[in-house]
There are 2 protein chains.
Amino acid sequence: MKLSTKGQYGVRAMFDLAQHFGQGPVSLKLVAERQDISEHYLEQIIAGLRKAGLVNSIRGAQGGYILSKEPSAITVGDIIRVLEGPVAPVDCVNEELTERCARADQCITKMIWAKVRDSIEQVIDGITLADMVKEAEKMRFAEGNYMYHI
Amino acid sequence: MKLSTKGQYGVRAMFDLAQHFGQGPVSLKLVAERQDISEHYLEQIIAGLRKAGLVNSIRGAQGGYILSKEPSAITVGDIIRVLEGPVAPVDCVNEELTERCARADQCITKMIWAKVRDSIEQVIDGITLADMVKEAEKMRFAEGNYMYHI
DNA sequence: AGAAATCCTATTAAAATAGTAGGATTTATT
DNA sequence: AATAAATCCTACTATTTTAATAGGATTTCT
């Protein structure tokens with residue numbers, strides 16, 4: 001029940017792009033530095049996100065990546081599905097596969113995996129990049145870095 | 001975000017033992033046949049469950065395995081934690097590790113993984129083997145029609 | 001022209017997965 | 001006592017996945 005680094009890094013990279021949304025393209029070099037991820041590896045990860053239409057790229061010097069939609073329109077679930085495939089703890093509750101399970105008693109366990117899947121989806125589809133940015137702001141505020149003492 | 005076959009098979013095997021709870025030891029051969037799992041592989045899986053104290057074994061002819069507790073006292077979460085390790089989509093929310101993440105902005109993503117973890121735990125810790133047996137009974141009564149996928 | 005960037009394909013080392021293989025030991029039954 | 005049925009145990013292995021690395025080709029700003 002682990003998320004691979006691909007999914008983790010992907011969410012962090014997209015979060016980084018969200019934090020700089022509206023400031024023009026962000027180079028992978030910067031993202032990789034800030035998020036402490038191998039730039040070359042991140043390239044592969046973002047390639048998937050680009051092909052899925054979640055980010056746009058601008059080539060050449062001063063180029064980089066920009067979210068294709070507003071941060072409020074991209075959920076963590078969107079990112080994870082691109083990088084990790086459909087959310088499904090086991091294949092028999094994978095909605096993209098249509099194979100049928102032959103075994104009746106298996107349906108009992110299947111019900112469980114469906115519930116697990118649904119609960120995961122409810123969490124990751126309910127959190128947008130905008131939520132994350134907002135949360136990060138809140139944390140910075142709570143830390144006192146941006147606060148005047150009374 | 002996949003459960004390995006170990007976890008899947010383990011839950012199915014324990015469900016099988018629960019269905020025959022009170023009827024003496026059940027041999028792995030039977031479980032493996034009924035659940036369509038390699039007997040040899042199942043051996044390894046149940047060894048873990050035995051060492052964790054979830055099942056008791058009786059050696060020799062007519063031996064087999066018995067749940068160490070009532071089906072109502074064993075949850076799906078108990079089984080999965082033994083076979084798959086602690087529920088944690090990423091290590092930074094693994095409660096058995098005590099390493100700290102150095103990066104502040106990572107805490108935002110960490111919060112997400114913690115929510116995912118909690119929602120998974122809520123599901124799997126809330127379902128006992130007794131619940132599964134009961135559900136299976138219900139389905140058998142609602143019989144006649146093929147069991148369809150949820 | 002040169003630098004900064006994305007884009008692309010291939011390779012690889014390590015780990016995890018999903019079993020197999022082959023026997024040693026224990027115990028009920030005959 | 002012999003046999004068969006079962007658990008127990010260690011090791012091996014093939015395949016796949018993971019997490020990168022390598023090495024360029026291409027595009028575009030300055």
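Because only heavy atoms are used, hydrogens play no part in the values below, and waters and symmetry mates are left out as well, while side chains stay in. As the structure is a prediction and not an experimental result, all values here were calculated from the model.
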Separation of [X] atom [atom1] from [N] atom [atom2], in whole Å?
{"X": "B/Q44", "N": "D/dC12", "atom1": "CD", "atom2": "P", "result": "14 Å"}
{"X": "B/L3", "N": "C/dA18", "atom1": "CG", "atom2": "P", "result": "9 Å"}
{"X": "B/Y41", "N": "C/dA16", "atom1": "OH", "atom2": "P", "result": "14 Å"}
{"X": "A/E39", "N": "D/dA20", "atom1": "CD", "atom2": "C1'", "result": "14 Å"}
{"X": "A/L30", "N": "C/dA4", "atom1": "CG", "atom2": "P", "result": "13 Å"}
{"X": "A/M1", "N": "C/dA16", "atom1": "CE", "atom2": "P", "result": "18 Å"}
{"X": "B/Q8", "N": "C/dA18", "atom1": "CD", "atom2": "P", "result": "8 Å"}
{"X": "A/D36", "N": "D/dA19", "atom1": "CG", "atom2": "P", "result": "15 Å"}

Contact class for A/L28 vs. all strands (heavy atom < 4.0 Å): base, sugar-phosphate, or nothing? sugar-phosphate

Only counting residues at least two apart or in another chain, list the ones meeting side chain to side chain contact (heavy atoms under 4.5 Å, CB included) with [X].
{"X": "A/E70", "value": "A/F21, A/S72"}
{"X": "A/K69", "value": "A/L54, A/A73, A/I74"}
{"X": "B/A18", "value": "B/L67, B/P71, B/L129, B/V133"}
{"X": "B/I58", "value": "B/P25, B/I66"}

For residues 77-89 of chain A, dump all side-chain donor-acceptor pairs below 3.5 Å to protein atoms at least two apart in sequence or in another chain.
unit_1 : atom_1 : unit_2 : atom_2 : d
A/D78  : OD1    : A/T75  : OG1    : 3.4
A/D78  : OD2    : A/T75  : N      : 2.9
A/D78  : OD2    : A/T75  : OG1    : 3.2
A/R81  : NH1    : A/G77  : O      : 3.3
A/R81  : NH1    : A/D125 : OD1    : 3.0
A/R81  : NH2    : A/E121 : OE2    : 3.2
A/R81  : NH2    : A/D125 : OD1    : 3.2
A/R81  : NH2    : A/D125 : OD2    : 2.9
A/E84  : OE2    : A/S4   : N      : 3.2
A/E84  : OE2    : A/S4   : OG     : 2.6
A/E84  : OE2    : A/G7   : N      : 3.0

Output every pair passing salt bridge (Lys or Arg N to Asp or Glu O under 4.0 Å) with a member in residues 44-62 of chain A, not counting sequence neighbours, ordered by first then second residue. none

A/E137: what forms a salt bridge (charged side-chain N to carboxylate O under 4.0 Å, His left out) with it, not counting sequence neighbours? A/R140

A/E39 meets the salt bridge (charged side-chain N to carboxylate O under 4.0 Å, His left out) criterion, sequence neighbours left out, with none

Do A/S38 and A/Y9 get their side chains close enough for a donor-acceptor pair, meaning under 3.5 Å? no

Closer than 4.0 Å, any side-chain N/O of [X] to the OP1 or OP2 of [N]?
{"X": "A/Y9", "N": "D/dA19", "result": "no"}
{"X": "A/Y65", "N": "C/dA5", "result": "no"}
{"X": "B/S4", "N": "C/dA16", "result": "no"}
{"X": "B/Q62", "N": "D/dA5", "result": "no"}

Within the 4.5 Å heavy-atom criterion, are A/M1 and B/K2 side-chain neighbours or not? no

Mark yes when over 12 heavy atoms from residues, nucleotides or ligands other than B/E43 sit less than 6.0 Å from its CD; otherwise mark no. yes

Please report the end-to-end axis angle for the helix from C/dA1-D/dT30 to C/dT30-D/dA1, five pairs per end, rounded to 10 degrees. 10°

Scan nucleotides 23-28 of chain D nucleotide by nucleotide, 5' to 3', and note B when protein non-hydrogen atoms come under 4.0 Å of the base, S if they reach only the sugar-phosphate, - if neither. B--BBB

Nearest-nucleotide check on DNA chain D, A/K6 vs A/G63; residue mapping nearer the 5' end is A/K6

With B/T128 via side-chain hydrogen bond (donor to acceptor under 3.5 Å, both in side chains) - residues at least two apart: B/D131

Please list residues of residues 48-57 of chain A whose heavy atoms come under 4.0 Å from any atom in DNA chain D, ordered by number; otherwise none. none

